[in-house]
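Keep in mind that the numbers below use all heavy atoms, side chains included, and drop hydrogens, waters and symmetry copies. What you see is a predicted model; the values in this text were computed from it and never measured.
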Amino acid sequence: MDIAFGAPRTNRDKVAQRIEQAMPHHPDVVVFPELWDTAYDLDRLEQLADWEGEETKAFLSAVARDAGVAIVAGSIAEKRSDGIYNTSFVFSKKGDVIATYRKAHLFRPMEEHRHFQAGDACAVYRIETCRARR
């Protein structure tokens with residue numbers, strides 16, 4: 001996915017297009033890249049980050065439900081009361097959030113620790129409808 005730098009609305013449109021393009025192939029799950037919403041526009045995260053992931057969760061919940069596909073939402077810039085996190089949400093085919101992971105090991109060479117809070121828990125989930133294809 002060619003991510004538009006610092007353009008969450010444009011990137012949500014691209015996500016919707018990608019999922020629509022994938023539907024003829026009947027995927028069980030669609031996975032998006034890290035920081036697909038803002039790219040690495042780290043200097044503007046304070047303005048760009050999604051408050052508690054609300055817009056992203058509403059958008060991807062509807063997309064997952066309408067398309068009937070599970071989504072591993074790569075990650076987004078999620079703003080919370082204690083800072084900004086690099087957060088991944090996982091959605092079932094019904095549009096339910098089945099897992100949330102906030103990146104725990106920030107990438108020091110890119111100085112992520114200056115822009116993000118570190119998460120403190122792993123996320124383990126099962127996507128019920130996934131099956132191996134040969």
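A 4.5 Å side-chain heavy-atom check between N86 and L35 finds at least one atom pair inside the cut-off. With contacts defined as side-chain heavy-atom distances shorter than 4.5 Å, the pair M110/Y40 qualifies. Side chains of N11 and M1 form a contact here, defined as non-hydrogen atoms less than 4.5 Å apart. In this structure the side chain of K93 never reaches within 4.5 angstrom of the side chain of R65, judged on heavy atoms. Side chains of S88 and F32 form no contact here, defined as non-hydrogen atoms less than 4.5 Å apart. Side-chain contact between S61 and V97 is absent, with no heavy atoms from C-beta onward closer than 4.5 Å.
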From CA spacing to verdict: side-chain contact (heavy atoms from CB on, under 4.5 Å), Y85, K103: CA-CA 7 Å; Y85 291 84; K103 189 174 182 180; over 6 Å; no
Worked verdict on E78 versus D50 for side-chain contact (heavy atoms from CB on, under 4.5 Å): CA-CA 5 Å; E78 178 199 24; D50 185 359; 5.8 Å; no
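Heavy-atom contacts from other residues, nucleotides or ligands closer than 6.0 Å to CD of E52 number more than 12. Other residues, nucleotides and ligands contribute at most 12 non-hydrogen atoms within 6.0 Å of the CG atom of D120.
Residue K79 is tested with E46, E55, E54 for a salt bridge (charged side-chain N to carboxylate O under 4.0 Å, His left out); the sole match is E46.
With T38 contributing its side chain and G6 its backbone, the two residues share no donor-acceptor pair below 3.5 Å. Looking at E112, its side chain never comes within 3.5 Å of a backbone N or O of L106 through a donor-acceptor pair.
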